[in-house]
Amino acid sequence: MDVKIIHFYPDLMNLYGSYANVSAVRRLLERLGHTVAVETVAPGQDAALSGADFLFMGAGTERRQAFAQADFARFGADVKALAADGCAMLFAGTAMELLGASVTDAAGTVRPGIGLAEFTAVQGKQRFVEDVYGHTDLFPEPVVGFMNKCANISGVETPLLTALDLGYGNEAEKGPEGFRRDNVFASELTGPILLKNPRLLETVVSAILRRRGAPEPETWPLDAWTEQGYAITEEQLRLRCGK
């Protein structure tokens, strides 16, 4: 199967090695025998999203996020149409905020999001720079990661992480974090999140395969280094939670 990945703003929105999320998805699909083409989109560049199987945007500073948001608005209708059609997508770090109704910066300027979801993001002077240990209803294993954000996000009805034992959620300490609707995954976690969490990577790739009617593997190919890295991180963060 030929798979088309769209990577928005890989130079502009690439804090903490966000590009590695795309590398992880591509590598796993290729290990499953599929052919993967990655198309990058730069600000102002024309791009055809039709036929896309996976959309991705990574983390950027608030200044870079504002620049990306102004350009990303032109893709809003197409992104929402793909989401309604079941296309898998991941918006990590500050990119998550662009999916909502609006982003208000620290100076009080309100910028419209693409409106895929109804939530709003309000950026303040306080930063939340911390490790995260949380849980999702997608699989039993904990989700681990790191965040560096200054936004409170309100109005999320379906979070990606239903609860945190460590870290700041969308709008509260140890509260729900991220956003999920069908095959749309979004989280302020960076690091990158899919390399840190092998089960989440498998979940995203499963969404890609199901939409195309391709068979899912009975046993997922494992990457020893990734699994070991997850195990070490999960253990250390769990101990910090007193578990």
Side-chain angles (χ1 to χ4, degrees), residues 7-16 18 21 41-44 49 55-84 89-132 134 143 145-164 166-182 184-193:
H7 185 175
F8 290 102
Y9 319 128
D11 295 324
L12 186 68
M13 302 291 281
N14 191 32
L15 279 179
Y16 308 108
S18 291
N21 285 301
V41 181
L49 305 191
L55 308 183
F56 174 76
M57 191 192 305
T61 64
E62 284 71 35
R63 179 176 296 181
R64 291 190 172 203
Q65 179 211 49
F67 190 83
Q69 186 171 8
D71 189 79
F72 189 57
R74 62 195 172 100
F75 296 111
D78 288 339
V79 171
K80 288 188 285 187
L82 282 169
M89 50 189 77
L90 172 65
F91 289 77
T94 52
M96 169 184 165
E97 300 166 24
L98 307 190
L99 298 180
S102 65
V103 178
T104 303
D105 67 19
T109 302
V110 181
R111 305 189 305 269
I114 67 167
L116 187 150
E118 297 75 28
F119 63 77
T120 58
V122 178
Q123 299 171 350
K125 295 182 178 180
Q126 181 182 4
R127 297 204 71 86
F128 304 97
V129 185
E130 51 195 307
D131 293 315
V132 174
V143 173
F146 170 80
M147 70 167 51
N148 182 350
K149 70 167 188 170
C150 66
N152 272 286
I153 301 173
S154 57
V156 174
E157 297 182 356
T158 52
L160 177 63
L161 304 183
T162 54
L164 304 182
L166 182 69
Y168 194 88
N170 288 331
E171 53 184 332
E173 188 72 24
K174 298 183 181 180
E177 198 281 328
F179 166 77
R180 177 181 171 242
R181 179 182 295 164
D182 300 323
V184 178
F185 306 89
S187 172
E188 292 274 6
L189 272 66
T190 58
I193 186 172

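In this chain, residues are counted from 1 in sequence order. Here the structure is a predicted model, which is why all the values come from computation and not from measurement.
Considering only residues two or more places apart in sequence or on other chains, D182 meets the salt bridge (charged side-chain N to carboxylate O under 4.0 Å, His left out) condition with none of them. In this view, E118 and R181 satisfy the salt bridge (charged side-chain N to carboxylate O under 4.0 Å, His left out) rule, not counting sequence neighbours. Qualifying side-chain contact (heavy atoms from CB on, under 4.5 Å) partners for P43, counting only residues two or more places apart in sequence or in other chains: Y9, L12, F67, D71. Judged as a side-chain contact (heavy atoms from CB on, under 4.5 Å), and not counting sequence neighbours, the contacts of L166 are D131, Y133, L237, R240, C241. Residues meeting the salt bridge (charged side-chain N to carboxylate O under 4.0 Å, His left out) test with D11, sequence neighbours left out: none. Applying the ring-ring contact (aromatic ring centres under 6.0 Å, His included) test to F8 and every residue at least two apart in sequence or in another chain returns F72, F75. With sequence neighbours left out, A83 forms a side-chain contact (heavy atoms from CB on, under 4.5 Å) with M89, L116, V184. For F56, the ring-ring contact (aromatic ring centres under 6.0 Å, His included) criterion is met by H7, not counting sequence neighbours. The ring-ring contact (aromatic ring centres under 6.0 Å, His included) check on Y168 picks up F128, with sequence neighbours excluded. In this view, S187 and E177 satisfy the side chain to side chain donor-acceptor pair (under 3.5 Å) rule, not counting sequence neighbours.
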Distance-only criterion, 3.5 Å: show the donor-acceptor pairs between side-chain atoms of residues 98-109 and protein atoms not counting sequence neighbours.
unit_1, atom_1, unit_2, atom_2, d
D105, OD1, A107, N, 3.0
D105, OD1, G108, N, 3.0
D105, OD1, T109, N, 2.9

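Sorted by first and then second residue, the salt bridge (charged side-chain N to carboxylate O under 4.0 Å, His left out) pairs involving residues 58-69 (not counting sequence neighbours) are E62-R127.
For the pair T120 and S154, the minimum side-chain heavy-atom distance is below 4.5 Å. Annotation: side chain of T190 is not in contact with side chain of L15 (no heavy-atom distance under 4.5 Å). Here the side chains of I153 and E171 are not in contact, with every heavy-atom distance at 4.5 Å or above. The closest side-chain heavy-atom distance from N170 to M96 is below 4.5 Å. Looking at heavy atoms from C-beta onward, F179 lies in side-chain contact with T158 at the 4.5 angstrom threshold.
No hydrogens or angles considered: nothing links the side chains of E97 and Q69 as a donor-acceptor pair under 3.5 Å.
Results of the side chain to side chain contact (heavy atoms under 4.5 Å, CB included) test with M147 over V129, T94, V132 single out V132 as the only residue that passes.
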